[in-house]
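Some notes on the structure that comes next.
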Amino acid sequence: MRELPKTYDPRETEPRIYKRWLDGGYFTGVVDTAKPPFSIVIPPPNVTNQLHLGHALDNTLQDILTRWKRMQGFGVIWVPGTDHAGIATQIKVEEELRKEGKTRFDLGRDAFLERVWEWKRKYGSRIIEQLKLLGSSADWSRERFTMDDGCSAAVREVFVRLYEKGLIYQGNRIINWCPSCTTALSDAEVEHEERDGNLWHIRYPLSDGSGYLTVATTRPETMLGDSAVAVNPSDERYSHLVGKSVTLPLMNREIPIIADDYVEQDFGTGCVKITPCHDPNDFEVGLRHDLPQILVLDEHAHVINGGEYNGLERYEARKRILADLTALGLLERTETRSHNVGECYRCGTTVEPITSKQWFVKMAPLAEPAIEVVRDGRMKFVPERFSKTYLNWMENVRDWCISRQLWWGHQIPAWHCRDCGHVTVSRADPDKCEHCGNANIERDPDVLDTWFSSALWPFEVFGWPERTPELDYWYPTSVVCPGYEIIFFWVARMIFSGMEHMGDVPFRTAFIHGMVRDDQGRKMSKSLGNGVDPQEVIDAYGADALRMNIVVGTSPGSDMRFIPAKCESFRNFANKLWNAARFVLMQIDGKSTEWNPASFSELDRWILSKLNRVVGEVNANLEGFELGIAAEKLYSFVWDDFCDWYIEFSKARLNAGVLLFTLGEILKLLHPFMPFITEEIWQSLPLCTGDTDALMIQAYPIRDDAENFPDAEASTESLIRAVRAIRNLRAEKNVPPGKRSTVYVQGAQFDAAILTRLAFASEVVFAAPPNIAECVQATTEDCTLWLPLAELVDLDAERQRVAKERERTLAEIEKLRAKLANTEFIAKAPAAVVAAERSKLASAEALLTRLGE
RNA sequence: GGGCGAUUAGCUCAGCUGGUAGAGCAUCCGCUUGACGUGCGGAGGGUCAGCGGUUCAAGUCCGUUAUCGCCCACCA
């Protein structure tokens with residue numbers, strides 16, 4: 001048995017304990033069909049950067065569930081890994097290059113990719129290191145990366161399958177384009193911001209010279225690409241003009257006036273300029289009316305096909321165009337108006353809707369089963385409300401643009417034939433066109449949306465498309481723990497991918513959490529500089545304290561503020577537990593810890609009964625994903641019940657067996673939450689017998705109804721109330737702590753040794769004092785206590801206090817009597833509730849009698 | 001324009017299926033009480049945002065209002 005130091009030192013302990021777990025191989029998932037499976041795949045962190053506190057939240061939740069289930073005897077695996085994060089990582093490396101005065105084009109594709117891999121290696125390993133610092137019990141032997149060989153094979157297989165099914169297609173459609181990242185984006189990758197802007201009213205002269213139409217637009221620069229002006233078909237103001245034409249100012253192009261339902265009569269002037277290449281609605285209108293598509297902005301959002309404006313950047317072009325229109329007297333007026341601007345979720349640049357040839361996933365057929373499984377409960381969200389968010393999105397989802405004009409990512413497995421134009425999509429790299437047989441083919445340079453590969457994560461990590469034992473055993477996974485911000489990006493896409501390729505849900509439960517904010521409730525961000533490095537917190541307070549901070553006092557799905565002082569309180573808790581263990585070790589030293597129920601006192605049965613209750617509750621809470629509530633109950637059981645009372649009892653009446661047992665059970669219960677300290681203590685206990693007898697593989701306690709002792713609970717709680725009453729009395733009377741006195745008790749019989757010790761008594765007498773007049777009195781619901789302290793007490797104050805308590809009791813009695821006099825209450829409330837109210841009344845009445853004595 | 005969440009002690013937040021409000025921190029008083037001052041004992045502090053309803057009983061369910069926040073949406 002090792003002597004424990006007086007203060008717990010997480011910095012010394014954690015690395016040592018973590019190594020012990022690794023050496024024991026306890027994290028390794030084993031396919032064991034004798035056990036029920038439990039699997040979690042990590043939401044793979046992006047290799048863009050090291051982890052922040054949000055990841056600490058993700059992974060603490062996963063680790064708690066994983067450790068709990070492992071201790072419950074499940075065949076557990078937690079698969080770790082990282083995500084290549086195509087666009088985000090590419091931006092990072094390009095930024096780095098920019099500092100060297102270079103662009104990716106200077107390096108060329110291969111050299112650039114080598115640079116990105118370098119970045120990936122650096123941050124990928126840092127991330128894994130950080131996950132370990134947190135205590136994550138992930139199976140490192142199965143660590144994956146979304147661009148490793150296995151994932152690449154899965155991506156390739158999925159792409160080909162969907163293509164062959166006609167669910168992946170190439171099309172020239174309007175998409176979101178980021179001029180800074182110079183790539184297409186999916187709808188989900190565009191963030192909408194409300195911005196102040198202008199609505200410019202511009203006159204388009206009628207071609208016949210009979211006047212003009214005024215159109216209102218927020219994007220005057222796109223007028224260079226206008227191919228019509230549209231009005232509502234039932235708008236009588238303009239019906240006579242439909243079929244005629246206007247002359248597009250600046251470009252002097254004659255464009256038709258058309259009628260389309262899309263136009264709202266009441267908005268602006270009721271006339272809309274139609275720019276099919278740069279507005280999603282206009283694009284649709286253009287298709288309906290067979291309008292020409294005139295692209296006027298290039299990949300950098302510089303003007304093309306715009307005559308004298310060619311080469312101008314879009315906002316520069318706007319200025320010039322507005323100035324020119326003003327000069328021509330065609331700018332009727334300018335109205336300020338706030339409107340939504342789409343921004344690239346990675347770089348914040350205003351996104352340009354642009355027509356472009358891209359690859360798409362046809363969503364309707366995929367969405368259908370993905371909607372069904374959530375509707376019928378085969379897959380559930382925790383908290384439940386997120387299923388609504390999810391369904392709303394899935395029910396309205398549009399085709400998914402999956403091609404990105406980037407270099408970092410899975411290159412699209414499609415080869416274009418320069419001779420016949422046919423596209424060959426295949427599992428193996430082709431050397432000739434499958435249509436004309438010529439070798440003059442070229443691979444599509446684009447890569448896939450990064451989420452295309454993460455969508456496959458829950459099955460690709462188990463070896464899919466191979467049918468592996470791991471896949472059979474662990475798919476569908478049990479739980480996934482993402483933040484709500486990636487429900488669309490990731491959760492939704494995993495669900496339809498799982499349904500399509502595995503024929504089953506990817507996970508039974510999506511346990512959604514919120515965001516970690518700073519202590520003022522602000523989002524943590526680089527620019528604010530308010531980000532917190534988990535390692536700093538771990539260094540200062542220990543990983544266990546960080547984990548508890550993250551879990552306690554937060555509710556699932558809601559954002560939380562990170563308050564360092566809260567870590568301090570859990571560090572203190574860790575220290576409390578540590579010292580409780582020290583006490584236990586000291587007490588049991590040289591004593592028998594034999595389990596002998598015949599020797600149990602009421603106090604022993606009390607703690608066992610309380611323990612048993614907490615065991616039941618904690619398991620139930622964990623089952624319901626109420627991790628914070630479970631942790632809080634354990635906190636209070638350890639501190640309030642075990643330390644404040646049972647350990648204090650033990651100083652007067654020791655049962656080494658129960659003391660040690662209870663500590664052991666506490667360690668097991670707490671282990672998923674605070675793995676390091678609990679394991680460390682466990683290793684010093686005689687309960688831990690062998691070298692491989694780690695706490696983390698002990699059986700998690702389960703509730704045992706034979707361990708309920710209501711009588712012991714009642715009698716001990718009565719004792720606790722008496723002790724409190726005496727302490728209270730002494731504090732109120734400012735009795736010096738060293739001053740002991742006789743305690744008189746009437747109405748109950750207690751363990752005198754305990755009462756003597758905890759109530760600072762010199763002696764306990766179970767009778768009313770002979771000199772009541774010279775005593776101060778305290779009452780509990782089942783007994784009266786006196787201290788002969790008349791000389792130390794302000795008698796006036798004491799009378800006042802008693803009077804006040806009397807008043808309070810009277811009020812309560814009145815309330816209870818009214819309640820019990822209510823025939824409806826008696827008739828309708830459950831019998832147990834009525835009985836409880838009756839006994840409350842009885843004890844209140846008894847109290848009143850005693851107060852009156 | 002839809003949808004969702006929040007509003008509880010000075011601060012940050014818990015309170016699952018309704019049964020007379022809790023924690024941590026902060027505050028105040030006292031303390032070398034046989035593990036712990038990262039501690040011990042004691043105390044104060046809330047008309048659970050407002051209004052209405054259901055119920056024997058509402059922080060908890062329903063409706064409504066207000067303030068704050070988030071998500072989604074093709075009115076230029």
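Keep in mind it's a predicted model, so treat the numbers as computed, not measured. A, B, ... follow the sequence lines: proteins, then strands. Residue 1 opens every chain.
Contact annotation for A:F488: backbone-only contact, meaning every heavy-atom pair under 4.0 Å involves sugar-phosphate atoms and none involves a base. Across all strands, A:F573 comes closer than 4.0 Å to no nucleic acid atom at all (heavy-atom distances). A:G553 comes within contact range of the sugar-phosphate backbone alone, with a heavy-atom separation under 4.0 Å but no base atom that close. Using a 4.0 Å heavy-atom distance criterion, A:E264 is classed as a base contact. A:W200 comes within 4.0 angstrom of no nucleic acid atom, judged by non-hydrogen atoms across all strands. Residue-level contact check: A:K819 touches neither bases nor backbone, having no heavy atom under 4.0 Å from any strand. Looking at heavy-atom distances under 4.0 Å, A:R727 makes contact with sugar-phosphate atoms alone, never a base. If you check every strand for non-hydrogen atoms under 4.0 Å, A:A565 touches nothing. A:P353 comes within 4.0 angstrom of no nucleic acid atom, judged by non-hydrogen atoms across all strands. Backbone-only contact: A:D644 has heavy atoms under 4.0 Å from sugar-phosphate atoms and none from a base. A:V215 comes within 4.0 angstrom of no nucleic acid atom, judged by non-hydrogen atoms across all strands. Residue A:G342 is out of contact with every strand shown, counting any heavy-atom pair closer than 4.0 Å.
For B:rA73, there is no paired base (Watson-Crick or G-U wobble, both distances below 3.5 Å). With a cut-off of 3.5 Å on both Watson-Crick or G-U wobble distances, the partner of B:rA23 is given as B:rU12. Look at B:rU55: it lacks any Watson-Crick or wobble partner with both distances under 3.5 angstrom. Across all strands shown, B:rG18 forms no Watson-Crick or G-U wobble pair with both key distances under 3.5 Å. With both pairing distances under 3.5 Å, B:rC31 is matched to B:rG39 as a Watson-Crick or G-U wobble pair. The pairing partner recorded for B:rA66 is B:rU7, the criterion being a Watson-Crick or G-U wobble arrangement whose two distances lie under 3.5 angstrom.
Comparing B:rC74, B:rA35, B:rC56 by their closest approach to the side chain of A:F825 singles out B:rC56. When the nucleotides B:rC36, B:rC72, B:rC25 are ranked by their closest atom to the side chain of A:N392, B:rC72 comes out on top. For A:K828, the listed nucleotide lying nearest its side chain is B:rU55; candidates were B:rG15, B:rA35, B:rU55. The side chain of A:V833 has B:rG19 as its nearest neighbour among B:rA73, B:rG19, B:rG15. With B:rA35, B:rC25, B:rU12 as the choices, the nucleotide that has an atom nearest any side-chain atom of A:M586 turns out to be B:rA35. The A:K6 side chain lies nearest to B:rG37 when the options are B:rG42, B:rG37, B:rC72. Listed nucleotides B:rU38, B:rG42, B:rC4 differ in distance to A:N728; the shortest reach to its side chain belongs to B:rG42.
For B:rA23, the base has no donor-acceptor partner in the side chain of A:K633 [N/O atoms by modelled type, under 3.5 angstrom]. Remark: the A:E648 side chain and the B:rA35 base include a donor-acceptor N/O pair separated by less than 3.5 Å. Judged by distance alone with a 3.5 Å cut-off, no donor-acceptor contact links the side chain of A:K566 to the base of B:rC25.
Distance alone, capped at 3.5 Å, is enough to place a donor-acceptor pair between the A:R547 side chain and the A:F673 backbone.
Rounded to whole angstrom, the span from the CG atom of A:N572 across to the P atom of B:rG37 amounts to 11 Å. Regarding A:E617, its CD atom lies at a distance of 13 Å from the C1' atom of B:rG15, rounded to whole Å. Going from atom CG of A:L577 over to atom C1' of B:rG39 covers 15 Å, rounded to whole Å. For the pair A:E194 CD and B:rC75 C1', the interatomic distance rounds to 13 Å; values are reported in whole Å.
Applying the 4.0 Å criterion to OP1 and OP2 of B:rU38, one finds that A:W639 has every side-chain N and O outside that range. Look at A:S555 and you'll find a side-chain N or O under 4.0 angstrom from OP1 or OP2 of B:rA14. Put simply, A:R561 has a side-chain N or O that comes within less than 4.0 Å of OP1 or OP2 on B:rC13. The side chain of A:R398 places an N or O atom within less than 4.0 Å of a non-bridging phosphate oxygen (OP1 or OP2) of B:rC74.
Between A:K273 and A:D226 there is a salt bridge, with a side-chain nitrogen of the basic residue lying less than 4.0 Å from a carboxylate oxygen of the acidic one.
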